[in-house]
Q: 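Structure incoming, see below.
Just so it is clear, the structure is predicted and the values come from calculations on it, not from any experiment. Residue numbering restarts at 1 for every chain, and letters A, B, ... go by the order of the sequence lines.
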Amino acid sequence: MLQTLHESLPSPSGLQADIISTVEFNHTGELLATGDKGGRVVIFQREPESKNAPHSQGEYDVYSTFQSHEPEFDYLKSLEIEEKINKIKWLPQQNAAHSLLSTNDKTIKLWKITERDKRPEGYNLKDEEGKLKDLSTVTSLQVPVLKPMDLMVEVSPRRIFANGHTYHINSISVNSDCETYMSADDLRINLWHLAITDRSFNIVDIKPANMEDLTEVITASEFHPHHCNLFVYSSSKGSLRLCDMRAAALCDKHSKLFEEPEDPSNRSFFSEIISSVSDVKFSHSGRYMLTRDYLTVKVWDLNMEARPIETYQVHDYLRSKLCSLYESDCIFDKFECAWNGSDSVIMTGAYNNFFRMFDRNTKRDVTLEASRESSKPRAVLKPRRVCVGGKRRRDDISVDSLDFTKKILHTAWHPAENIIAIAATNNLYIFQDKVNSDMH
Amino acid sequence: MFARGLKRKYGDQEEGVEGFGTVPSYCLQRQSLLDMSLVKLQLCHMLVEPNLCRSVLIANTVRQIQEEMSRDGVWHGMAPQNVEQRAPIDRLVSTEILCRTARGTDGEHPTPELEDDPLQSSASELPIVSSAQGQRNPQSSLWEMDNPQENRGSFQKSLDQIFETLENKSPSSVEELFSDVDSSYYDLDTVLTGMMSGTKPSLCNGLESFAAAPPPPSSTCKSDLAELDHVVEILVET
């Protein structure tokens with residue numbers, strides 16, 4: 001399948017602030033945005049393929065870096081608000097500028113990214129440095145002309161959507177109407193208009209009257225890619241709720257509830273925790289949903305609520321290790337999942353810097369590793385295998401040697417091509433499939 | 001009471017009654033899971049708001065254990081005599097023993113491991129291997145019997161406390177902030193609190209083979225002093 005090659009990554013450091021917390025391609029795939037724990041956003045741009053430099057075909061280089069969020073202190077609660085960027089979502093491009101939404105736990109910001117590659121020269125009243133000229137030296141008038149300059153990328157915050165959330169924001173999603181977007185925290189989902197920052201509409205509220213009765217929280221949510229009235233949200237109990245905003249102002253009543261009945265033979269004290277959905281993504285077609293829970297990824301058909309149509313085991317060998325993973329808190333790790341452009345392959349991350357891909361048509365799957373050793377530029381990624389006792393091949397990794405500190409939580413797939421972005425702690429890997437499309 | 005076969009899983013009864021040695025091991029494991037969960041629920045780092053999803057999942061786990069213990073009749077309202085002070089320490093010790101690996105410290109008793117060696121022998125749903133058979137000491141009887149109502153009350157109270165604290169943390173002064181913290185610790189279990197720093201390293205040791213994850217930013221591994229300095233710095237700057 002993916003026989004990957006290119007990788008580009010910024011120089012790694014040991015700083016906590018450099019840990020990548022979100023990765024997102026824009027709608028054309030030309031730009032790739034990453035957010036990190038230190039509140040910074042780094043945008044990469046794909047270099048156009050050129051005959052002059054065939055080796056740098058389609059590589060991603062840094063386009064812009066800016067500080068999106070700063071740490072804050074909530075004086076009322078005497079708590080810090082982390083500057084970590086939880087999610088970035090691109091707005092569809094409507095003019096020469098690019099726009100994206102970035103959010104931390106509490107505040108969403110709309111950033112506008114513009115290019116400047118010309119500047120006016122030849123002012124009458126100012127000299128080249130901008131200082132006012134001595135008028136007595138001005139003997140003739142000239143018309144300022146635009147001269148080319150080195151490309152400058154300017155980023156400015158256009159909107160700040162603050163004070164909408166009491167709890168921690170886990171998702172944002174731009175509506176297909178390109179005018180509204182939603183933000184979801186643990187207990188509530190708000191609908192915003194992109195141009196209005198001083199108010200939002202609450203569309204889902206699952207906070208119980210008595211907080212002691214709280215047993216379920218919202219874990220992720222997303223708008224349908226085509227139907228601007230539909231959105232889905234997932235819960236910590238493993239259920240998905242599809243809501244229709246036309247039905248009522250407050251969408252506490254779902255239109256559809258997607259829930260798989262529990263397997264009684266696999267029941268344990270950890271059953272609920274591992275059923276908690278960490279990510280939900282609509283397919284590009286809008287017909288399916290992809291969910292990730294601790295051990296599996298599942299594909300759901302919007303027309304069937306009773307159970308998923310496909311279930312893929314990501315790392316079932318961890319099922320017997322749940323107690324240790326509970327103790328180390330690894331069991332609470334939130335992995336994301338992604339569709340490829342044609343919705344035929346799904347991808348998700350795992351531990352030991354492994355990530356997994358599942359081909360829905362051939363039912364084949366592969367485990368790959370994102371690490372410096374295995375990814376020299378233009379090197380082909382070698383499939384990896386985790387052995388669970390029994391016959392062990394030479395390059396296999398045993399379950400007990402897995403490094404649980406190396407987790408791939410955030411992955412993204414180019415909207416059209418076989419290019420994937422993998423965030424491994426503070427390193428970003430971009431892999432590209434150079435094999436021609438007759439592979440699929 | 002040990003003669004009756006305790007359920008291992010829902011709808012998956014073991015054929016025949018488990019041996020005398022393995023019966024307490026399931027209760028031991030369940031108890032240590034309960035202890036571990038309570039420790040996790042403590043809001044030990046007060047600078048950043050704790051993850052609500054994680055807290056809810058842990059609280060649900062605690063409730064599940066509590067319900068099962070009630071069903072099994074282990075959760076009876078036995079008023080402890082004077083074991084109130086001792087009992088928590090015993091439970092902590094049990095957790096610590098369970099989590100210490102075999103390649104750890106003492107070679108005197110067969111120390112149970114936290115890692116899951118394949119558990120094909122016992123059908124326990126908890127992958128903690130406990131070689132406690134050879135370790136019947138008076139303390140374990142306390143583990144069985146000492147689930148006092150006091151304990152039930154205290155952690156129900158602590159669960160409520162935790163959600164209340166999550167809900168509206170609005171102390172009007174720094175002193176109040178820290179006194180809130182203190183009283184919540186006290187309500188949960190002063191001894192647990194006191195033992196926290198002592199226990200944590202042992203728990204972490206048990207995960208050696210898992211290359212124990214670096215603590216999440218919200219863990220106690222940040223030094224308290226640095227946190228206090230940080231808070232003071234912020235307050236002074238305002």
Q: Which atoms of A/K84 are under 4.5 Å from chain B, going by heavy atoms: the side chain, the backbone, both sets, or neither?
A: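 Neither part, no heavy atoms under 4.5 Å.
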Q: Where does A/L187 contact chain B at under 4.5 Å (heavy atoms): side chain, backbone, both or neither?
A: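 Side chain only.
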Q: Does any heavy atom of chain B fall under 4.5 Å from the side chain of A/K406, the backbone, both, or neither of them?
A: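 When you check distances to chain B, no heavy atom of A/K406 falls under 4.5 Å.
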Q: Are A/Y294 and A/Y326 near enough that their ring centres are under 6.0 Å apart?
A: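 Ring-ring flag for A/Y294/A/Y326: false, centres at least 6.0 Å apart.
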Q: Which atoms of A/S271 come close to chain B, meaning under 4.5 Å heavy atom to heavy atom: side chain ones, backbone ones, both, or neither?
A: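 Nothing of A/S271, per the 4.5 Å heavy-atom cut-off to chain B.
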Q: Taking A/S234 as the fixed residue, which of A/T291, A/D293, A/D279, A/T219 is the one that meets the side-chain hydrogen bond (donor to acceptor under 3.5 Å, both in side chains) rule?
A: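 Answer after filtering A/T291, A/D293, A/D279, A/T219: A/T219.
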Q: May I ask you to say whether A/R241 pairs ionically with A/E216, meaning some side-chain N is under 4.0 Å from a carboxylate O?
A: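 Salt bridge flag = yes for A/E216 with A/R241.
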Q: Apply side-chain hydrogen bond (donor to acceptor under 3.5 Å, both in side chains) to A/S183 and A/H165, showing your working.
A: CA-CA 9 Å; A/S183 56; A/H165 289 276; 2.6 Å; yes
Q: Please state whether the side chain, the backbone, both or neither of A/S276 comes within less than 4.5 Å of a heavy atom of chain B.
A: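 The side chain, not the backbone.
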Q: Would A/D185 and A/K207 pass as an ion pair if we require N to O under 4.0 Å?
A: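 Salt bridge between A/D185 and A/K207, a charged N being under 4.0 Å from a carboxylate O: no.
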